[in-house]
Amino acid sequence: MNPIVQLQGVSKKYGDFAAVDGMNLQVAKGEVFGFLGPNGAGKSTTLRMILSLIKPTTGSISLFGLDLHQHRNAILGRIGCIVEKPDFYLYLSGLDNLRLFGRMSHTRQLNERIETVLHLVGLKGREKDRVKTYSHGMKQRLGLAQALLHEPELIILDEPSTGLDPQGIIELRNLILHLKNDLGKTVILSSHILSEIEMIADSMVIIHRGKAVVQGKVSELLSHEDLQVDVQVDDPAAAETALHESRLGHLILERIPGALKLRCAKSDIPQVARLLTDKGIAIFGLQATRSLEDYFLRITASPEKADILAFK
Amino acid sequence: MKSFIVFALMAFGAPGAFTQPAPKALIHAVHQKFAQVKDYSATVRMEFDIPSVRLTPVEGGVYFKQPDKFRIKTEGIIFLPKQNPYFTLQSIRDTNAYVAIFAGEETVQSTKTQVVNVIPNDNAGELILAKLWIDPARKLILKSQLTTKTNGTLTVEQGYGRLQGSALPDWIRFTIDVARFKVPKSVAVDLSASKNAPSLPAKGTGTIQLVFSNYKLNQNLSDAVFAQGK
Amino acid sequence: MGTLLRIELFKIATKPRSYIGFAAITVIVLLIELALWLDGRSYLEFILQALEQSFQVQGNLLNGNLVSFIILQTLIVQMPLLVALIAGDLVSGEAASGTIRLLLTQPHSRASILWAKYFATSIYVFLLIFWLGLLALGGGFLLFGAGDLVVLKSDELIILKAADTLWRFMAAFGIAFLSLSVVATFSLMLSCYTDNSIGPIIASMAVIILFTIIGTLEVPLFDRIKPFLFTTHMIVWRSMFDQPLDWGAILRSMWILVFHIALFLGVSFFHFTKKDIQN
């Protein structure tokens with residue numbers, strides 16, 4: 001892989017507190033890369049370090065094969081971004097804001113580009129209104145327009161769907177896919193919603209307590225070959241015995257009151273169900289969750305209690 | 001009061017008073033000499049040395065017409081004595097209007113002068129007492145000290161040159177009592193003023209010197225020249 | 001740098017707050033001119049009453065030069081506050097509104113962005129002074145005519161020839177620009193340290209007011225402090241109307257003002273180029 005973004009041992013410490021702790025990361029060219037993690041996990045700090053808004057305490061960051069510290073301006077000229085939320089000069093119109101940032105980013109044929117991005121994000125017709133009259137969704141669209149204005153190779157979007165209505169979220173998703181598929185852009189996307197990442201990302205990283213705890217291809221990490229299945233039965237002990245007798249005992253994770261917890265592939269579920277029914281064990285319910293999703297739900301629900309090692 | 005001044009001056013101020021020519025005759029001669037000039041104009045340069053006031057020398061035109069019209073025209077701001085330079089001569093024009101007492105002899109500008117005290121008969125005028133230092137040979141007033149009702153004491157010294165025959169001085173120097181200038185900082189909005197600045201005396205004397213040149217005599221100057229305004 | 005400077009000027013020009021200073025100056029100058037038009041002679045009579053016991057003062061005292069001088073010394077006290085209103089918001093305003101994230105992810109160094117902000121503020125300060133000069137001198141000469149300048153001091157009057165005043169006013173405006181640049185860089189420095197838009201403005205104003213009070217109070221303890229306060233040297237513009245001119249003191253104060261500008265700018269750059277943008 002020829003990484004477009006590479007972080008090696010990057011940490012950011014505030015006194016004794018490590019907001020980001022020894023982060024190693026690689027983003028390949030032309031992919032949509034998801035940053036996943038609960039609030040406060042260190043996603044935003046990591047993205048800000050990539051954008052040179054925050055200086056790492058240790059480690060190195062390189063983009064496009066260039067060291068960020070040494071080639072900051074050249075690198076930033078190839079990046080478009082929305083960080084946290086799209087804030088603009090409220091006393092200026094959307095058009096003036098785009099002109100202003102377009103000039104700063106050395107956008108060629110600025111007026112034509114502004115027309116293009118306004119159409120792309122669906123803001124045409126409102127560009128001359130002052131930004132202070134915009135809804136959050138419109139500001140988000142303006143943010144996207146600004147991020148795309150100078151035709152960057154890498155687009156970094158920090159929680160871009162926040163505040164968008166369902167239609168807006170679908171449009172955003174389609175836009176990101178258009179950027180990747182049709183324009184060959186690399187997109188880094190942060191979110192605390194797994195399904196959002198799953199739908200559009202090629203690769204992802206889960207960040208927890210400043211560390212990259214899981215990293216890889218989405219198709220592999222969120223595979224249906226690795227499910228956690230809760231089988232609610234009338235007699236869990238009998239069910240456990242039946243599975244052992246049928247050489248399926250290796251699927252059992254644990255026995256809990258009223259249920260068995262299994263770790264298996266999606267294709268194993270009908271066989272398990274048939275076996276238990278044949279043994280006269282009543283099945284009240286089958287609930288399948290993917291292991292990663294289960295882990296992520298746990299750290300999202302209670303980040304303090306979740307143990308990083310629990311997933312591994 | 002006036003009688004007392006006259007008596008005191010006669011008794012103690014001028015021991016030789018009764019041995020000298022009548023002072024009024026001398027004064028009359030001085031005035032007659034000046035009366036030959038009906039009007040004049042001249043160039044004047046004014047130099048100021050007034051406590052608390054910094055004013056660089058100013059040049060302008062000066063105009064006079066008998067009996068009492070006087071005007072200095074300049075482009076800028078000037079400080080002048082409240083009395084014009086010919087106030088003394090105007091005050092002694094009518095020899096019946098005052099008492100003149102010889103008060104001895106003194107040397108002024110290396111010239112021996114006769115000192116004459118002049119006390120107006122009338123209390124209504126501005127002048128209370130004038131002391132004149134007169135050069136008897138040239139019939140010129142070299143110095144005068146005027147005590148006025150409203151403006152305190154004013155000393156006027158005059159130096160003569162080419163036009164001494166017409167009693168027109170080359171220069172006149174006024175010496176005036178000046179009260180200390182002081183306004184509240186807030187009025188002057190003077191934030192830079194420091195209490196460490198040396199404190200000035202409550203009173204002082206200021207001098208204004210007029211240096212004349214380019215006299216032009218008896219040109220029948222119009223009264224309009226003396227009108228206020230430009 | 002040119003692009004960044006134009007952008008910063010554009011932002012200042014489109015921000016309604018930027019016009020408060022111009023409006024305030026216009027109103028105050030016109031009020032002073034109106035007041036002097038109606039009552040200026042009484043004001044002068046009050047000031048000159050001690051001297052007019054002994055002298056008659058001849059000439060047009062209440063002229064455009066005097067009016068401009070009075071306006072200048074009245075407004076110079078207020079102008080730092082107007083400058084702080086803009087300079088105190090330069091960086092912290094961007095932080096408070098969130099635009100600093102966008103600004104600092106553009107392909108320009110932080111130093112060049114701060115330079116652009118500093119130069120834009122300097123141009124704003126220059127225009128503010130230019131506007132003051134135009135209104136004061138233009139309005140003054142239009143309403144009151146020309147004439148020698150009577151420089152009012154609490155214990156002294158200096159009368160300067162009309163022909164000798166214009167260059168002094170220009171020099172005084174130049175020194176006032178230097179003084180206000182100190183305020184601008186001081187506010188800019190505070191602005192770099194906070195993400196709150198109002199804080200640096202209030203803090204700048206508070207410091208200037210405090211230093212001015214210390215400079216005005218005649219307490220022996222403060223006399224030792226005064227030479228170290230930049231506000232002490234900010235009023236050196238007035239020395240341009242002294243006769244004779246104390247060039248030594250004027251240049252010393254100007255150097256001290258330049259030193260303060262360099263110091264405040266240095267601290268601003270040091271902090272801004274290293275600052276983490278967390279909001």
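Reminder, nothing fancy here: chain letters follow the sequence lines and each chain counts from 1. A quick note: this is a predicted structure, and the numbers were derived from the prediction, not measured.
Residues B:Val178 and C:Phe55 meet the side-chain proximity criterion, which asks for heavy atoms closer than 4.5 Å. Here the side chains of B:Thr56 and C:Lys161 are in contact, with some heavy-atom distance below 4.5 Å.
Counting heavy-atom pairs under 4.5 Å between each of B:Ile77, B:Ile72, B:Val58, B:Val53 and chain C puts B:Ile77 at the top. Of the listed residues (C:Val150, C:Leu157, C:Asn60), the greatest number of heavy-atom pairs within a distance under 4.5 Å of chain B belongs to C:Leu157. Counting heavy-atom pairs closer than 4.5 Å to chain B, the top-ranked of the candidates C:Leu149, C:Leu51, C:Val236, C:Ile159 is C:Ile159. Counting heavy-atom pairs closer than 4.5 Å to chain C, the top residue among B:Ile78, B:Ile208, B:Leu55 is B:Ile78.
Nearest heavy-atom pair, B:Gly76 versus C:Asp148, reported as atom, atom and distance to 0.1 Å: CA-OD2, 3.0 Å.
Using a 4.5 Å cut-off between heavy atoms, B:Leu80 touches chain C through backbone and side chain atoms alike.
No more than 12 heavy atoms of other residues, nucleotides or ligands shown are found within 6.0 angstrom of CH2 on C:Trp131. Taking a 6.0 Å sphere around CZ of C:Phe126, one finds it holds 12 or fewer heavy atoms contributed by other residues, nucleotides or ligands. The neighbour count for C:Phe259 CZ, taken as heavy atoms of other residues, nucleotides or ligands under 6.0 Å away, does not exceed 12. Applying the 6.0 Å contact sphere to NZ of B:Lys149 captures more than 12 heavy atoms from other residues, nucleotides or ligands.
Of residues 243-253 of chain C, those residues lying under 4.5 Å from chain B by any heavy-atom pair are C:Gln243, C:Pro244.
Although no hydrogens or angles enter the test, the distance criterion places a donor-acceptor pair under 3.5 Å between the side chain of B:Lys82 and the main chain of C:Glu52.
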